[in-house]
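Written below as structure tokens is the structure these notes are about.
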Amino acid sequence: MSQKQQVLDHLKNLGIEYKLLDHPAVFTIEEMDQLKITEHGAVCKNLFLRDAKGKRHFLVVVDKDKQADLKSIREQLGCTRLSFASDERLQHYLQLQKGAVTPLGVINDSDAAVEIVLDSSLEGKEQLGFHPNDNTATVWISFADLLKFIRTNGNTIHFIEM
């Protein structure tokens, strides 16, 4: 079964309503803008980060139009210096490829090791767009349903101000 289908089945099993938009593979927000994907709702930027010692891993989710200030994120999380995690770490923890990073990847994080960091400005949004572990589609779900999806897996969730 494809990763995309696993995510869609999990959403269905959790009773989460979603809209699915299939599209050509996209790797950047700019490509999503060009295909007008961003007109359907709030698309999010997803950054996979690690702390200085590589012991903690974070998936930071912010609105596509916001800058992710790593120093501010570090201060709010109370951790050591943050940097982007390697493709190997992304594969190890979330079984995702660069360009398909998404909080829905927690479905592959059986140890719930990755900490999810959500920009509080996303709270209450009804249409958030994420790749379903595959960058040839975008799934639209509410913020409340995103929380449900993550909490079901047991990952720690942090809220920050960006």
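Along the sequence shown, residues carry numbers from 1.
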Discussion item. Looking at every heavy atom in both Ala85 and His57, which two are closest together, and how far apart are they?
Written reply: CB-CD2, 4.5 Å
Fill in: Heavy-atom side-chain contact between Tyr93 and Asp111 under 4.5 Å
no
Worksheet item: For Ser72, does its backbone N or O pair with a side-chain atom of Asp69 as donor and acceptor, under 3.5 Å?
Response: yes
Worksheet item: Would Val61 and Leu128 satisfy side-chain contact (heavy atoms from CB on, under 4.5 Å), going step by step from the backbone distance to the final call?
Response: CA-CA 11 Å; Val61 182; Leu128 294 175; over 6 Å; no
Item to complete: Give a yes or no on whether Val101 and Ile157 share a hydrophobic cluster (residues Ile, Leu, Val, Met, Phe, Trp, Tyr; joining criterion: side-chain heavy atoms under 4.5 Å apart).
Response: yes
Worksheet item: Side chains of His40 and Thr138: donor-acceptor distance under 3.5 Å anywhere?
Response: no
Practice prompt. Report yes if the side chains of Leu49 and Val60 come closer than 4.5 Å at any heavy-atom pair, otherwise no.
Written response: yes
Worksheet entry | Residue pair Arg74 / Leu70, side-chain heavy-atom distance below 4.5 Å | no
Worksheet item: In Å, rounded to the nearest 0.5 Å, how long is the span from CD of Gln127 to OH of Tyr18?
Response: 14.0 Å
Worksheet item: Does any non-hydrogen side-chain atom of Trp140 lie less than 4.5 Å from one of Ile37?
Response: yes
Response to the item:
Between Ile73 and Ala68, the two heavy atoms sitting closest are CD1-CB, 4.2 Å
Worksheet item: Can you name the nearest heavy-atom pair linking His131 to Gly99, along with the distance?
Response: CD2-O, 3.6 Å
Practice prompt. Report yes or no: does Lys148 contribute a side-chain atom to a donor-acceptor pair with the main-chain N or O of Ile16 at less than 3.5 Å?
Written response: no
Item to complete: Report yes or no: do Val62 and Leu94 belong to one cluster of Ile/Leu/Val/Met/Phe/Trp/Tyr joined by side chain heavy-atom distances under 4.5 Å?
Response: no
Discussion item. Please check this pair: side chain of Ser120 against backbone of Ile160, looking for a donor-acceptor N/O pair closer than 3.5 Å.
Written reply: yes
Worksheet entry | Spatial distance of atom CD1 (Ile107) from atom CZ (Phe149) [nearest 0.5 Å] | 4.5 Å
Practice prompt. Would you confirm whether Lys45, through its side chain, and Lys66, through its main-chain N or O, come within 3.5 Å as a donor-acceptor pair?
Written response: yes
Practice prompt. Please answer whether the main-chain N or O of Ala137 pairs with a side-chain N or O of Asp22 as donor and acceptor at a distance below 3.5 Å.
Written response: no
Worksheet item: Just how far is it from atom CZ of Arg81 to atom NZ of Lys71, taken to the nearest 0.5 Å?
Response: 13.5 Å
Worksheet item: Is there a donor-acceptor pair under 3.5 Å between the side chain of Asp109 and the backbone N or O of Val114?
Response: yes
Discussion item. Could you see if Val139 belongs to whatever hydrophobic cluster contains Leu147? Use Ile, Leu, Val, Met, Phe, Trp, Tyr and a side-chain cutoff under 4.5 Å.
Written reply: yes
Worksheet item: Leu90 and Gln97: which non-hydrogen atoms are nearest, and at how many Å?
Response: CD2-C, 3.7 Å
Item to complete: Classify the side-chain pair Thr102/Asn46 by whether it contains a donor and acceptor separated by less than 3.5 Å.
Response: no
Fill in: Under 3.5 Å donor-acceptor, Thr80 side chain and Ala52 backbone
yes
Worksheet entry | Gln3 vs Asp134 side-chain heavy atoms within contact, under 4.5 Å | no
Discussion item. Any non-hydrogen side-chain atom of Glu126 less than 4.5 Å from a side-chain atom of Ile141?
Written reply: no
Worksheet item: At what distance, to the nearest 0.5 angstrom, does CG of Asn13 lie from CD of Gln6?
Response: 11.5 Å
Worksheet item: Is it true that a side-chain atom of Glu31 and a backbone atom of Thr28 form a donor plus acceptor pair closer than 3.5 Å?
Response: yes
Discussion item. Between Gln91 and Asp87, is there a side-chain donor-acceptor contact under 3.5 Å, judged purely by atom types and distance?
Written reply: no
Worksheet item: Any luck finding a side-chain donor-acceptor pair between Gln76 and Glu161 under 3.5 Å?
Response: no
Worksheet item: Is there a donor-acceptor contact under 3.5 Å from the side chain of Asn133 to the main chain of Lys4?
Response: no
Item to complete: May I ask you to test the Phe159-Val117 pair for a side-chain heavy-atom distance under 4.5 Å?
Response: no
Worksheet item: Are Leu146 and Leu21 connected, step by step, through hydrophobic side chains (Ile, Leu, Val, Met, Phe, Trp, Tyr) whose heavy atoms are closer than 4.5 Å?
Response: no
Worksheet item: Looking at Val106 and Asn153, what are the two nearest heavy atoms and their distance?
Response: O-ND2, 2.8 Å
Item to complete: To the nearest 0.5 Å, tell me how far Met162 CE sits from Asp63 CG.
Response: 12.5 Å
Worksheet item: Does Arg56 offer a backbone N or O that forms a donor-acceptor pair with the side chain of Asp51 under 3.5 Å?
Response: yes
Worksheet, complete the sentence: Tracing side-chain contacts under 4.5 Å among Ile, Leu, Val, Met, Phe, Trp and Tyr outward from Phe27 reaches none
Worksheet item: What are the two closest non-hydrogen atoms of Asn155 and Ala113, and how far apart are they?
Response: ND2-N, 4.2 Å
Worksheet entry | His158 side, atom NE2; Leu77 side, atom CG - distance, nearest 0.5 Å | 5.5 Å
